[in-house]
Amino acid sequence: MKHLHYCTAFTLTLLLVATSCKQALPPQTEFKMGTVCSINLFEKGTPQLYSEIFQRLTDLESILSANRNDTNIAEINAKAGIAPFKAAPETLYVLQTALLYSEKTQGAFDPTIGPLVKAWNIGTEYAAVPSPEVIKKVRSLIDYRKIVIDPVKGTVFLPLPGMKLDLGAIAKGYAADEIVTILTKHKIKKAIIDLGGNIFAYGEKTPNKNWIIGIRNPENPDENSILTIPVTNKTIVTSGVYERFFEQDGIRYHHILDPATGFPVNNDLLSVTIITSISINADALSTSAFLLGTDRGMALINSLPDTEAIFINKKHEIRVTPGLKNNISLKNTDYTVIQ
Ligand code: FAD
Ligand code: MG
């Protein structure tokens, strides 16, 4: 009887091992935060883990989205000029991090960009060039230095009626970091996180082997990669003219807006890619460096530890930080790497 019991336990263990192997799902994709989010957990991809990750994305969207009327951001915006709003710790963290980049860029990166984003409506069917009057009015509402944060009470207050936060330039990076926190908690060794092009190549691909990440051709994003880079446990985030844009009278208007002019930033850049260890920093920096342009953007990146960048411009020139010089493989000969 006892022998039979052992046998049953052994069979059961085998069965459990077999089913847990079987349970590994293929990469999972869901539409979150206005973009396609794909996660690949490889052989550790259980339905439970995928569902915990996508649930976290759902929760973050319900706190941080500027496109809904029930989020912290919507509440803070609705109370602009009226009263402070007690925000979730996530909101305070992402906003406070955004403000560090506003300081580093002398206000080119500004989380109070919301009224301008709404005025342009880029990414919606109502996208159009706003009138000079509207541009003038909304520009007067943009100033990160006016945000009042009470860290003790955990409140955020926008003092001018009509002021609006928009964390679209940084919140996907934070979401990627939050997924990494879940993976670390579950002792997962490797994964690929892709939140609409905001990538985290987590862990090692196989022992001593890098992930090879392709960078899109900003003029033909659906074509083959323009170049590849080997990375291990890094986040790779790109801001570019091709992510969201519309055309009016033959002119392309993209979604990275210059608070100084009220128009899409107009420099020689097509895209900026950042490679570093923390995705919220990479997301803030890709937008910041794009706004600053090649020279000032490169100077900012070079002042930071553990941060590499790829700047691609309209003359088809690629500039990279010193740490990448011997590391990139160019795949498209229409482009030249400038040393
Ligand atoms: P990035 O370069 O990282 O950021 C560009 C975005 O930052 C712009 O789209 C604008 O939102 C903002 N921005 C522009 N200029 C500046 C500036 N000077 N300083 C600071 N920020 C600036 N999209 C939808 O269509 N529908 C949705 O329901 C929706 N929900 C979302 C929910 C969340 C939580 C997040 C994070 C994003 C959501 N989005 C949604 C997408 C969002 O509107 C942006 O398009 C997206 O975040 C841009 O990311 P990016 O990496 O392409 O560009
Ligand atoms: Mg960004």
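Atoms within each ligand, like the ligands themselves, are counted from 1 in listed order.
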J.: Do Phe85 and Phe157 have their ring centres less than 6.0 Å from each other?
T.: no

J.: Taking NZ, NE, NH1 and NH2 as the nitrogens, is one of them in Glu52 or Lys185 under 4.0 Å from a carboxylate oxygen of the other?
T.: yes

J.: Knowing that exactly one of Val237, Asp177, Thr235, Leu285 qualifies, which makes a side-chain contact (heavy atoms from CB on, under 4.5 Å) with Ile280?
T.: Asp177

J.: Is it true that a side-chain atom of Asp150 and a backbone atom of Gly154 form a donor plus acceptor pair closer than 3.5 Å?
T.: no

J.: How about Tyr242 and His255: are their ring centres within less than 6.0 Å of each other?
T.: no

J.: Would Asp110 and Arg145 pass as an ion pair if we require N to O under 4.0 Å?
T.: no

J.: Please walk me through it: do Lys153 and Lys86 pass side chain to side chain contact (heavy atoms under 4.5 Å, CB included)?
T.: CA-CA 7 Å; Lys153 291 186 185 149; Lys86 175 136 177 51; 5.9 Å; no

J.: Who's touching ligand 1 if we go heavy atoms under 4.0 Å?
T.: Met33, Gly34, Leu64, Ser65, Asn67, Ala108, Phe109, Asp110, Ile113, Val117, Asp166, Gly168, Ala169, Ala171, Lys172, Ser239, Glu243, Arg244, His255, Ile256, Leu257, Pro259, Asp283, Thr287, Leu291

J.: How are the rings of Trp120 and Phe246 set relative to one another: parallel (under 30°), tilted (30 to 60°) or perpendicular (over 60°)?
T.: tilted

J.: Look at the side chain of Asn267 and the backbone N and O of Leu292, then say whether any donor-acceptor pair between them is shorter than 3.5 Å.
T.: no

J.: Going by chain and residue number, what protein N/O/S atoms come nearer than 2.8 Å to the Mg ion (ligand 2)?
T.: Ala169 O, Asp283 O, Asp283 OD1, Thr287 OG1

